[in-house]
Trainee: 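Would you mind keeping the following structure in view while I ask a few things?
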Amino acid sequence: MLTNLKDQPADKILALMAAYREDPRDNKIDLGVGVYKDATGKTPVMRAVKAAEKKIWEEQDSKSYTGLAGDPAYGDAMVDLVLGSAVARGNVAAVATPGGTGAIRQGLELIKMAAPGATVWLSAPTWPNHPSIVKYLGMPMAEYRYLNDDTPTVNFNGMMEDLQGAKAGDVVLLHGCCHNPTGANLTLAQWAEVIALLQEKELTPFVDIAYQGFGDGLEDDAAAVRMVASEMPECIIAASCSKNFGIYRERTGILMAISQDDALQGRAQANLAFLNRQNYSFPPDHGARIVATILNDAELKADWMAELEEIRQGMLGLREALAAELKRLSNSDRFEFLAQHRGMFSRLGATPEQVEKLRADHGIYMVGDSRLNIAGLNAQTIPVLAKAIIDCGI
């Protein structure tokens, strides 16, 4: 049987990570992998996470299964974190998933089961795993323009024009905040126009929010998602705790299906539980319990929010410093977008050849589409990167 398997293309980011590890240069800079790093290059365990794990270790008296939907305390806490009071809890079906990727996969499985003919519309560009999973599931897929070719800003007119081609019942996948890989976000006014189009065309929004708290703050980053949830008849939301709680390896996510029709919540909840059962049965609990412990303890939550804000402000500072250094070296404002974008990522707008030159000549690693992880920088490496960008003619 195994001889019939075909070789799969190498994951570009994993290959980039391997190349970086094998590079013997001491001055190399890793801006490729999509993980938050502090100024020392490490991904720290947050203070509140450490405290919550200690509390769990001291108090937990069983490792038995949770329910198919996961720990109810986790579901309630995450629904409140993402949606606030935008939607009544009774209108939200929710299940814990292995990471945000698991939530995306289960959400697409739900769509395929409910509307097998629906086309899934993705932003161009988007996180590479989005189209990969859609293709693997054999679902119809289309793209809408998102980024301008000449400047790394949102091509809103192109986006709205392309979505006019969607048919009733299609699904539009939207990034809730800190768009990956561009860092360019819609304004709330633009979100309102998108929602009006979704309503007019009878399209279903599927919002991926993986970076809440990394952009403009916990509440501001959730504002667009809450607008969608409160104003659309139905929507699907996938959320991740990997970044804002720093628990990447614990694989902690949640999938929500929201309907303004109260009678549909029970059916949606049963179907989400069914999908969990077919895939991994009971979801992992350790990360979910950490999150629930933090969000349900006033002291731990306050400390988590304070540290998350420190992280957010640190990334904004790096963005502003890089934009300022590039302005000084280039004597132009063409890199000002770096200070305006939000989250860990931005795309420089460099060609693959220029990205390769950065790697070969300067030991600077980023994804081939010129996506760089802002969190991979520090005060010492910003001038090095800025000079290399100018030297490579970007």
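Just so you know, these numbers use all the heavy atoms, side chains as well, and skip hydrogens, waters and symmetry mates.
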Trainee: Show, in sequence, the C-alpha distance, side-chain angles and deciding distance for Ile364 and Lys28, and conclude whether the side chain to side chain contact (heavy atoms under 4.5 Å, CB included) test is met.
Mentor: CA-CA 6 Å; Ile364 295 172; Lys28 60 187 179 180; over 6 Å; no

Trainee: Compute whether any side-chain donor of one residue and acceptor of the other, for Ser62 and Ser64, lie under 3.5 angstrom apart.
Mentor: no

Trainee: Before accepting this row, confirm whether a basic side-chain N of the pair Arg289/Asp285 lies closer than 4.0 Å to the acidic partner's carboxylate O.
Mentor: yes

Trainee: Atom CD1 in Ile258, atom CD in Glu234: separation rounded to 0.5 Å?
Mentor: 10.5 Å

Trainee: Any side-chain donor-acceptor pair under 3.5 Å between Ser259 and Asp261?
Mentor: no

Trainee: Walk me through it: do Leu31 and Tyr365 pass the test side chain to side chain contact (heavy atoms under 4.5 Å, CB included)?
Mentor: CA-CA 5 Å; Leu31 304 178; Tyr365 286 75; over 6 Å; no

Trainee: Tell me yes or no: between the side chains of Asn157 and Arg145, is some donor less than 3.5 Å from an acceptor?
Mentor: no

Trainee: For Asp220, enumerate each residue passing the salt bridge (Lys or Arg N to Asp or Glu O under 4.0 Å) test, keeping only those at least two apart in sequence or located in another chain.
Mentor: none

Trainee: Could you list all the side-chain hydrogen bond (donor to acceptor under 3.5 Å, both in side chains) pairs where at least one residue sits in residues 78-97, not counting sequence neighbours?
Mentor: Asp76-Arg89, Asn91-Asp262

Trainee: Among all residues two or more places apart in sequence or in another chain, which pass the salt bridge (Lys or Arg N to Asp or Glu O under 4.0 Å) test with Arg25?
Mentor: Asp23

Trainee: Establish, from distance only, whether the side-chain atoms of Arg249 and Ser242 form a donor-acceptor pair under 3.5 Å.
Mentor: no

Trainee: Checking Tyr144 now: which residues fulfil side chain to side chain contact (heavy atoms under 4.5 Å, CB included) with it, not counting sequence neighbours?
Mentor: Trp121, Ser123, Tyr146, Met159, Asp162, Leu163, Val172, Leu174

Trainee: With a distance cut-off below 6.0 Å to the six-membered ring centre and an angular limit of 45° from the axis, does Arg371 pair with Phe345 as a cation-pi contact?
Mentor: yes

Trainee: Please tell me whether Asn185 and His175 have a donor and an acceptor in their side chains that are separated by less than 3.5 angstrom.
Mentor: no

Trainee: Keeping the roles fixed (side chain from Gln260, backbone from Ala229), state whether a donor-acceptor pair exists under 3.5 Å.
Mentor: yes

Trainee: For the pair Arg342 and Asp221, find out whether any cationic side-chain nitrogen is under 4.0 Å from an anionic carboxylate oxygen.
Mentor: no

Trainee: Apply the test side chain to side chain contact (heavy atoms under 4.5 Å, CB included) to residues Asp208 and His130: give CA-CA distance (whole Å), side-chain angles for both, the deciding distance (0.1 Å), then the verdict.
Mentor: CA-CA 10 Å; Asp208 181 2; His130 287 152; 2.9 Å; yes

Trainee: Counting C-beta onward and ignoring hydrogens, is there a side-chain heavy-atom pair between Pro152 and Thr182 closer than 4.5 Å?
Mentor: no

Trainee: Can you list the residues that meet the side chain to side chain contact (heavy atoms under 4.5 Å, CB included) rule with Cys241, with sequence neighbours excluded?
Mentor: Tyr74, Met78, Asn244, Phe245, Ile247, Thr252, Val291

Trainee: Mind jotting down which residue pairs meet the ring-ring contact (aromatic ring centres under 6.0 Å, His included) criterion with at least one end in residues 82-110? Sequence neighbours excluded, please.
Mentor: none

Trainee: Taking only residues at least two apart or on different chains, which pairs with a member in residues 49-60 satisfy side-chain hydrogen bond (donor to acceptor under 3.5 Å, both in side chains)?
Mentor: Glu53-His286, Lys55-Asp297, Gln60-Lys63

Trainee: Among residues at least two apart in sequence or on other chains, which ones pass salt bridge (Lys or Arg N to Asp or Glu O under 4.0 Å) with Glu307?
Mentor: Arg47

Trainee: Running the 4.5 Å side-chain criterion over Ile, Leu, Val, Met, Phe, Trp and Tyr, what cluster does Tyr65 land in, apart from itself?
Mentor: Leu68, Phe282

Trainee: Less than 3.5 Å apart, which donor and acceptor atoms pair up between the side chains of residues 383-390 and the rest of the protein, not counting sequence neighbours?
Mentor:
unit_1: Lys387; atom_1: NZ; unit_2: Asp391; atom_2: OD2; d: 2.8

Trainee: Name all pairs fulfilling the side-chain hydrogen bond (donor to acceptor under 3.5 Å, both in side chains) condition that reach into residues 100-110, sequence neighbours left out, sorted by first residue then second.
Mentor: Arg105-Glu109, Gln106-Asn276, Gln106-Asn279

Trainee: Not counting sequence neighbours, which residues clear ring-ring contact (aromatic ring centres under 6.0 Å, His included) with His341? List them please.
Mentor: Phe337

Trainee: Quick check against the 3.5 Å criterion: does Lys201 have a side-chain atom that pairs as donor or acceptor with the backbone of Gln164?
Mentor: yes

